Amino acid sequence: MNRRRFLAGMGALAGTTGSFAQSSGDGPPADFTLRIGPVDVEIAPRKIVKTTGYNGSIPGPLLKMPEGRPVTVDVYNETSVPELVHWHGLFVPSEVDGSAEEGTPFVPPRSHRTYQFVPRPAGTRWYHSHVYAGRNLHRSTYTGQFGFLQVVPKDDPARYDQEVLLALHGWNPYLSTKGGGGEGGEGSLEVAYGAFTINQHALGSGEPIRVKEGQRVLLRILNASATTVHRLALPGHAFTVMALDGNAVPHPRPVSILQLAPAERVDALVEMNQPGCWILGEVDAQMQKMGLGTVLEYAGRSGPPVWTAPPGETWDYLQFGSNQESPEPDDRVHLIFKQKWAGNRWVDHWTINGKEYPKTDPIVVRTGKRYRLILDNQSDDMHPIHLHRHSFELVKVAGKATAGVTKDVVNVLPKTQVEVQFVADHPGPSLFHCHMQLHMDFGFMTMVQYSDSPSSTPAAGHRQPG
């Protein structure tokens, strides 16, 4: 039994007497119930994906929670391994955030727990498994364990006619060599996929998105992939980006392409002013051929859906922000990201300031202070960086100043620096990591620790093995 497996098992056992131990069933019913169990999904005719999901569906059920009103969620784990549910983008206590590194107890196999928290901030959030996968591609974010979570503001006047939720995901993952070397090639391993879907169907299967001419349709889009960046287009239409990661942008802008790294969300309004039958799909032809797309159909129109390649356009966070300097922080933290080649047919390891988790140095903060994180990507891969339990403001991207764009995931391109700023206003251990599952599992994590509050961070390496 290796150290990770031992610590994870101890966490699962200790968790049965944790701060929100299994309920007796005598209390009031929960606001929501999630059941983790096997799911078989026919993503295309006679093409069935066998995975683990919530409540027998892919994605899991939409959880709509009023902002600021306490909720309870019963989570039943009907599998044979410990699980965690992470409430991505919410400002919740460490012990219920869904991260073992922060001290959240596991949901034991064949048992259940009741999560209790106050949902905030308002916006498009999501929930997903947050356990260690490693080389086991049947665990964590490789599975169907994901779903939308909407925190509804108290004042939410609808300015659109229809709302459509779209979750992007890859299926049948396998480890392959970089550069298309295939199963027998040389080089480092990365994850490739056998199929893609939007929600539970591949392109050409399932019902189309039905719209009417003149409608304003709000698309809430989530990249629930474990490792893949997606670029979407809808021929003849523009996406007016209203929010990124659930947070309204200062300057909504129309764009022809949306780019989402793993865990990112985009809320975009589309004016339905081009009657016809269209493909809303991945710009990359191969990924679209493998299923990453859906059909959008106007009322009274039919026939084969049309796809035309969009004009070349670079995705840039800066276009949605203000061109101004942000206030000076109380402190700066420089974080350098590098990869460590582990050999042919092995997975690269990742370091933050020269160290792999669990040996990475924590980011030490004090309550109420403002911190600027300099995310210095010196590697050849992009990294969607996520900070748990906090949001941050983009203040500089590739040397250009910006303000007003608030996110909880930022995609840092290769050989690029991005600077973000956050206020340390949620005491307790908070996980900081790359949201590429393969990167996170092989070293790309550290902790934000508050120096003026007791730490409940568990022993380093406290993760559930694959």
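What you are looking at is a predicted structure, and each value in this text was computed from that prediction instead of being measured.
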Applying side chain to side chain contact (heavy atoms under 4.5 Å, CB included) to His169 and Ile58, what does each step give before you reach the verdict? CA-CA 10 Å; His169 198 67; Ile58 304 295; over 6 Å; no
Looking at residues at least two apart in the chain, or sitting in another chain, which of them share a side chain to side chain donor-acceptor pair (under 3.5 Å) with Arg231? Gln259
Nearest atoms (heavy-atom pairs only) where Lys407 meets Leu394: CD-CD1, 4.2 Å
Around Asp40, counting heavy atoms of other residues, nucleotides and ligands shown, do more than 12 lie under 6.0 Å from its CG? yes
Candidate pair Leu222 and Thr124, rule side chain to side chain contact (heavy atoms under 4.5 Å, CB included), full reasoning: CA-CA 9 Å; Leu222 158 68; Thr124 305; over 6 Å; no
May I ask you to decide if Pro429's main-chain N or O and Ser94's side chain share a donor-acceptor pair within less than 3.5 Å? yes
Using a 4.5 Å cut-off on heavy atoms from C-beta on, say whether the side chain of Met65 contacts that of Phe32. yes
Working to the nearest 0.5 angstrom, can you tell me the gap between Ile198 CD1 and Glu282 CD? 9.0 Å
Let me confirm one number: the NE2-CG distance from His138 to Asn172, rounded to the nearest 0.5 Å. 8.5 Å
Separation of Ile363 CD1 from Asp331 CG (nearest 0.5 Å): 11.0 Å
Treating Asn55 as the side-chain partner and Ser57 as the backbone partner, does any N or O pair qualify as donor plus acceptor under 3.5 Å? no
Would you say the side chain of Tyr371 lies within less than 4.5 Å of the side chain of Lys369, judging by non-hydrogen atoms? yes
Could you check whether Glu419 pairs with Arg332 (Lys NZ or Arg NE/NH1/NH2 to Asp/Glu carboxylate O, under 4.0 Å)? no
Under 3.5 Å, side chain of Arg113 to main-chain N/O of Phe106, donor-acceptor pair present? yes
When you measure from the side chain of Asn77 to the backbone of Val107, do you find a donor-acceptor pair of N or O atoms at a distance under 3.5 Å? yes
For Lys47 and Gly194, the nearest pair of non-hydrogen atoms, with its separation, is NZ-O, 3.8 Å
Minimal heavy-atom distance between Asn377 and Val412, with the atoms involved, is ND2-O, 3.2 Å
What distance separates Arg265 CZ from Arg125 CZ, expressed to the nearest 0.5 Å? 6.0 Å
Looking at every non-hydrogen atom in both residues, tell me the closest pair between Pro235 and Thr308 and how far apart they are. CB-OG1, 3.4 Å
Thinking salt bridges, do Asp380 and Lys415 make one under a 4.0 Å N-O criterion? yes
Verify, without hydrogens or angle tests, whether Thr197 (side chain) and Asn199 (backbone) share a donor-acceptor contact under 3.5 angstrom. yes
Looking at Lys212, I'd like to know if its NZ atom is crowded, meaning that more than 12 non-hydrogen atoms belonging to other residues, nucleotides or ligands lie closer than 6.0 Å. no
Flag, side chain of Tyr450 to backbone of His426, donor-acceptor distance under 3.5 Å: yes
Could you walk me through whether Val266 and Leu244 pass side chain to side chain contact (heavy atoms under 4.5 Å, CB included), step by step? CA-CA 5 Å; Val266 173; Leu244 296 174; 3.9 Å; yes
Is there a donor-acceptor contact under 3.5 Å from the side chain of Glu190 to the main chain of Leu438? no
Starting at CG of Leu431, measure out to CG of Asp97 and round the result to the nearest 0.5 Å. 8.5 Å
Do Val418 and Tyr317 touch side chain to side chain, with heavy atoms closer than 4.5 Å? no
Please report the C-alpha distance between His237 and Met272 in whole Å, then the side-chain angles of each, then the deciding distance to 0.1 Å, and finally whether the side chain to side chain contact (heavy atoms under 4.5 Å, CB included) criterion is met. CA-CA 7 Å; His237 300 76; Met272 295 301 161; 4.2 Å; yes
Donor-acceptor pair between Glu102 and Thr104 side chains, under 3.5 angstrom: no
Which heavy-atom pair separates Thr406 from Ser391 by the least distance, and what is that distance? CG2-CB, 3.6 Å
Among His383, His88, His386, His86, ring pair (Phe, Tyr, Trp, His ring centres under 6.0 Å) partner for His433: His386
Pro262 side chain near Val229 side chain, heavy-atom distance below 4.5 Å: yes
Check this for me: does any side-chain nitrogen of one of Asp267 and Arg220 sit under 4.0 Å from a carboxylate oxygen of the other? yes
As a test of understanding, state which of His439, Gln339, Lys338 forms a side-chain hydrogen bond (donor to acceptor under 3.5 Å, both in side chains) with Asp348. Gln339
Shortest non-hydrogen pair, Val295 vs Cys277, comes out as CG1-SG, 3.7 Å
Less than 4.5 Å apart, any side-chain heavy atom of Leu218 and any of Gln162? no
Strictly by modelled atom types, are Ser256 and Glu313 linked by a side-chain donor-acceptor pair under 3.5 Å? yes
Sub-4.5 Å side-chain heavy-atom contact between Val448 and Val365: yes
Are Glu42 and Ile48 packed together at the side-chain level, in the sense that at least one heavy-atom pair is separated by less than 4.5 angstrom? yes
Give me the ring orientation class for Phe146 and Trp171: parallel if the planes are under 30° apart, tilted from 30 to 60°, perpendicular past 60°. tilted
Sidechain-backbone polar pair: Thr143 side chain, Thr141 backbone, donor-acceptor under 3.5 Å: no
Parallel, tilted or perpendicular: which describes the rings of Trp87 and Tyr127, with under 30° parallel and over 60° perpendicular? tilted
Hey, are Glu83 and Arg139 close enough for a salt bridge, meaning a charged N less than 4.0 Å from a carboxylate O? yes
In terms of heavy-atom contacts, does CZ of Arg69 have more than 12 from other residues, nucleotides or ligands at under 6.0 Å? no
If you define the side chain from C-beta out and look only at heavy atoms, does anything of Glu78 sit under 4.5 Å from Ile36? no
Determine, for Phe320 and Arg253, whether the Lys NZ or Arg CZ falls below 6.0 Å from the six-membered ring centre while staying within 45 degrees of the axis. no
Could you tell me whether the side chain of Thr72 and the main chain of Gln116 form a donor-acceptor pair under 3.5 Å? no
Enter the distance from Ser225:OG to Met287:CE here, rounded to the nearest 0.5 Å. 9.0 Å
